[in-house]
2 protein chains.
Amino acid sequence: MARPRTVDDGAVLAGLTATFRSSGYGASSLSSLSEAAGLRSASLYHRFPGGKADMALAVLDDVARQFAHILEPLVTGSDPAADVTEMASRLSVFYSDGKLACVLETMTLDGAPDEVLSHARGLSQAWIDAMAGVATRAGAAPRDADRVAVDAFARIEGSLVASRVLADPSRFLSTLADLPDLLTLRETS
Amino acid sequence: MARPRTVDDGAVLAGLTATFRSSGYGASSLSSLSEAAGLRSASLYHRFPGGKADMALAVLDDVARQFAHILEPLVTGSDPAADVTEMASRLSVFYSDGKLACVLETMTLDGAPDEVLSHARGLSQAWIDAMAGVATRAGAAPRDADRVAVDAFARIEGSLVASRVLADPSRFLSTLADLPDLLTLRETS
DNA sequence: GTCTATAGCCCGATAGAC
DNA sequence: GTCTATCGGGCTATAGAC
């Protein structure tokens with residue numbers, strides 16, 4: 001990233017991410033991506049020679065970087081319930097309190113190339129593994145830890161879908177609030 | 001539907017549904033819809049003068065009809081837990097054991113027209129209302145009934161997303177198995 | 001590194017024969 | 001009621017000036 005660029009890398013990625021996130025892979029046209037990124041399509045092809053698939057992979061790489069931050073409390077923390085609360089807080093920022101869709105959901109629709117699908121799959125699995133890890137530290141048996149981690153993943157994704165379909169993001173926030181109990185096996189919900 | 005048609009109405013709708021369901025609204029092209037329906041695009045325009053939006057609305061109408069059947073046990077039954085089990089069984093057929101996406105999820109992405117969005121929203125709400133109704137009959141207070149119904153909706157949608165993203169439909173089936181306890185407030189999960 | 005311009009194809013949609 | 005043929009425009013992608 002040493003060479004001068006008239007449009008900031010981060011701004012380009014942010015624009016591409018926003019478009020893929022809200023429209024999905026197949027419905028994101030190059031012109032919509034170009035407009036959101038602030039670059040003409042020819043310039044996008046200069047940065048992403050593989051075209052739309054390359055852009056999607058770069059977006060997923062960037063999302064992976066953001067998730068590394070979101071999940072960091074689960075890896076470095078020592079108080080499982082507090083660590084999950086902190087992860088939930090960072091998730092809330094990432095999803096804008098439930099107003100934004102999950103790129104893992106939207107990007108795996110349409111006719112996304114296999115490489116994009118497997119990338120999204122790996123990212124989801126890493127997220128689940130991190131949540132299973134904190135459940136294990138909270139005292140869960142490996143099978144239970146994996147079960148509640150996948151359950152947490154499904155509940156988060158489902159609450160985002162419900163927030164969009166019902167046009168009411170409140171379900172996402174209450175799901176986040178339930179996560180500490182769910183992942184530490186103090187299931188009250 | 002008295003006039004002769006060389007291609008069966010049901011087959012056309014089934015093809016359109018399959019395409020919208022797996023690709024979403026924006027990524028479903030007229031050529032893909034045409035191929036799935038078994039009709040040339042000009043013939044599709046004859047049946048659906050409003051174009052793609054008309055086709056999407058017809059698909060949602062058909063889905064509403066199917067949901068009337070899926071939800072029928074909740075309305076006519078007398079044993080809440082058994083009624084939810086029967087609904088879950090019919091849902092499993094509709095979603096092909098978790099291998100098919102939810103048209104309510106995929107159709108509300110992309111640039112779907114407002115009419116399509118509100119149609120999908122109404123269908124989701126009817127589903128939730130039916131589930132809240134059975135929870136009420138199981139003894140839940142109105143607030144609790146609505147809460148668990150929305151929760152059930154979100155869990156079902158989330159398990160379908162998880163099934164797709166993780167390429168493992170088993171989460172959908174275990175979510176269905178949890179529904180009777182969830183909706184009758186015997187929460188063990 | 002980004003731009004204008006354009007290639008070639010596919011898009012949604014329509015006209016008119018049968 | 002479905003077809004072939006076609007319109008204008010948007011699509012992904014590339015060539016070449018600056």
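All chains are named by letter (A, B, ...) in the order of the sequence lines, taking the proteins before the strands, and each is independently numbered beginning at 1.
A ring-ring contact (aromatic ring centres under 6.0 Å, His included) check over residues 139-169 of chain B, counting only residues at least two apart or in different chains, returns the pairs B:Trp127-B:Phe153.
Annotation: salt bridge (charged side-chain N to carboxylate O under 4.0 Å, His left out) contacts of A:Asp62 (sequence neighbours excluded): A:Arg65. Take A:Glu115 and apply the side chain to side chain contact (heavy atoms under 4.5 Å, CB included) test, not counting sequence neighbours, and it matches A:Leu57. For B:Phe48, the side chain to side chain contact (heavy atoms under 4.5 Å, CB included) partners two or more places apart in sequence, or in a different chain, are B:Val12, B:Leu16, B:Leu44, B:Asp54, B:Met55, B:Ala58. With sequence neighbours left out, A:Ser31 forms a side chain to side chain contact (heavy atoms under 4.5 Å, CB included) with A:Ser29.
The distance between atom CE of B:Met55 and atom C1' of C:dA13, rounded to the nearest whole Å, is 10 Å. Rounded to an integer number of Å, the gap from CZ of B:Arg47 to P of C:dA13 is 18 Å. Atoms CD (A:Glu35) and P (C:dC3) sit 14 Å apart, rounded to a whole Å.
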With the sugar-phosphate defined as primed atoms, P, OP1 and OP2, and the base as all remaining atoms, what B/S/- string results for nucleotides 4-18 of chain D, 5' to 3', for protein heavy atoms under 4.0 Å? B------SSBBB---

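Taking the charged nitrogens against the carboxylate oxygens, B:Arg164 and B:Glu105 do have a contact shorter than 4.0 Å, which makes a salt bridge.
The shortest distance between the side-chain N/O atoms of B:His46 and the OP1/OP2 oxygens of D:dG1 is below 4.0 Å.
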